[in-house]
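Nothing here was measured: the structure is a model prediction, and the numbers come from that model.
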Amino acid sequence: MRVPSMPSGSRPRRSAALVALLLVALTALIGCGSDTGEASSEGTTRVIQTERGPVTVPAQAKRIVVLSGGLAGYLYALDAPVAATDTRVLGVTNFDGGFPPSWSAKAKEQGTKQLPAGEELNIEAVAAAAPDLIIGGGQGITAVQAEKVYDKLTAIAPTVLVPKTVAAWQEQLRQVADAAGRSDRVEAMMTAYRDKVAKVKSSIKVPAGNYAYLLSLPNNKPYLIPQSAALPALLSELGFAADDVLAKAGNPKLFGSGDAVEISPELLSQVAGAPQVFFIPVGGRSMDQLKQDPVYSNLPSFKNNTLYELPATSYRPDYDGVMATLDVIAKRFA
């Protein structure tokens with residue numbers, strides 16, 4: 001099964017004639033983004049390799065439309081120009097002027113427009129933003145929406161979709177930066193990350209023992225994060241040993257992006273029996289509520305109060321999410 005996605009509303013569709021009119025206007029405004037002729041020889045375009053084959057993109061994009069709120073943070077961190085973006089980020093329910101707090105200030109400064117959230121991608125809104133590059137994909141419902149209308153997107157501007165199999169934030173950052181023409185900024189960001197990891201690691205005391213990672217999702221079913229996923233991999237660099245929950249569960253099949261596994265209530269005590277647990281609420285019950293549920297309250301970590309809550313944005317973190325998670329760990333385990 002898939003990890004449940006955040007609910008979204010719906011928007012009425014506009015007519016196909018409006019789309020066609022917008023595309024004509026865009027062609028006159030920005031030209032054909034996939035032209036590999038004379039413009040390419042002048043260095044204004046370049047070809048990058050994607051899962052769908054080679055895509056000709058601007059040498060350095062000037063008006064980017066981002067179809068996934070989970071990828072938008074990378075572009076703001078790279079100081080790339082975002083004309084419009086989806087604003088949905090898994091687990092984020094508080095918004096600042098319509099944008100997630102971590103990149104709200106940059107979005108407002110750039111004058112970024114919000115793409116309508118709905119059951120289908122609003123092609124008209126994408127076209128109206130007059131992009132010279134479209135970036136989407138990644139994880140969640142927005143990735144599925146973009147896949148369905150990929151051909152329509154490419155008629156508007158060069159389109160790069162990050163594969164759903166690319167779940168590691170480091171690789172997402174590199175692919176987004178490559179598409180946007182900002183690869184030269186990645187190494188400085190990675191150096192800042194490595195320096196922060198070293199600083200936090202030297203400043204904390206890690207309680208001994210293994211750690212399991214428990215997700216609380218809206219459907220109230222038990223989920224664990226496997227040790228190979230982004231969050232356990234990040235904290236393992238700091239000395240937090242991830243419990244092998246997959247082996248304890250009999251190596252079940254991972255679904256979706258491979259960063260969560262559903263565990264039956266009957267097996268939870270066996271699989272989530274690590275002495276310590278990181279708890280990540282992503283739209284589900286709170287820690288206090290789970291403590292009232294005997295399925296959870298009998299776990300060693302609940303009995304011994306060795307539970308450590310992390311923000312929802314630590315589950316599928318972007319660059320800012322990783323840096324913020326390091327801050328939380330530094331404060332909690334100082």
Legend entry - salt bridge (charged side-chain N to carboxylate O under 4.0 Å, His left out) partners of residues 283-306, not counting sequence neighbours, each pair once: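 Sorted pair list: Arg285-Asp293.
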
Inset, instruction - Could you name each residue pair satisfying salt bridge (charged side-chain N to carboxylate O under 4.0 Å, His left out) that touches residues 134-147, not counting sequence neighbours? - result: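 Only Arg52-Glu147 qualify under salt bridge (charged side-chain N to carboxylate O under 4.0 Å, His left out).
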
Legend entry - Listed partners of Glu187 passing salt bridge (charged side-chain N to carboxylate O under 4.0 Å, His left out), at least two apart: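 Expected list: Arg194.
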
Legend entry - Inter-residue atom distance Ile280.CD1 - Leu231.CG, 0.5 Å rounding: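 One gets 5.0 Å once the value is rounded to the nearest 0.5 Å.
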
Inset, instruction - To the nearest 0.5 angstrom, please state how far the OG1 atom of Thr85 sits from the CG atom of Leu67. - result: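 Reported value, rounded in 0.5 Å steps: 8.0 Å.
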
Inset, instruction - Please collect all ring pair (Phe, Tyr, Trp, His ring centres under 6.0 Å) contacts where either partner lies in residues 200-221, sequence neighbours excluded, each pair once. - result: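 The answer is Tyr211-Phe240, Tyr211-Phe278, Tyr213-Phe278.
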
Hey, can you pull the donor-acceptor pairs under 3.5 Å for the side chains in residues 170-177, sequence neighbours left out?
| from | atom 1 | to | atom 2 | distance (Å) |
| --- | --- | --- | --- | --- |
| Glu171 | OE2 | Gln175 | NE2 | 3.3 |
| Gln172 | OE1 | Tyr74 | OH | 2.8 |
| Gln172 | NE2 | Val166 | O | 3.0 |

Legend entry - Trp169 vs Asp318 side-chain heavy atoms within contact, under 4.5 Å: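 No, every pair of side-chain atoms sits at 4.5 Å or beyond.
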
Pairing residues for [X] by the side chain to side chain contact (heavy atoms under 4.5 Å, CB included) criterion, not counting sequence neighbours:
{"X": "Asp96", "value": "Ser104, Lys108"}
{"X": "Asp151", "value": "none"}
{"X": "Pro275", "value": "none"}
{"X": "Asn304", "value": "Pro300, Thr306"}

Inset, instruction - Spell out, as yes or no, whether a donor-acceptor pair under 3.5 Å connects the side chain of Tyr315 to the backbone of Asp259. - result: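 Yes.
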
Just distance, no hydrogens or angles: give the donor-acceptor pairs under 3.5 Å from side chains in residues 307-314, sequence neighbours left out.
| from | atom 1 | to | atom 2 | distance (Å) |
| --- | --- | --- | --- | --- |
| Tyr308 | OH | Gln276 | OE1 | 3.4 |
| Ser314 | OG | Pro311 | O | 2.7 |

Taking only distance into account, with no hydrogens and no angle test, what donor-acceptor pairs under 3.5 Å do side-chain atoms of residues 263-270 form with protein atoms, sequence neighbours excluded?
| from | atom 1 | to | atom 2 | distance (Å) |
| --- | --- | --- | --- | --- |
| Ser264 | OG | Leu267 | N | 3.4 |
| Gln270 | NE2 | Lys248 | O | 2.8 |

Solution key, residues 327-334 side-chain donor-acceptor pairs under 3.5 Å, sequence neighbours excluded:
| from | atom 1 | to | atom 2 | distance (Å) |
| --- | --- | --- | --- | --- |
| Asp327 | OD1 | Lys196 | NZ | 2.7 |
| Asp327 | OD2 | Lys196 | NZ | 3.2 |

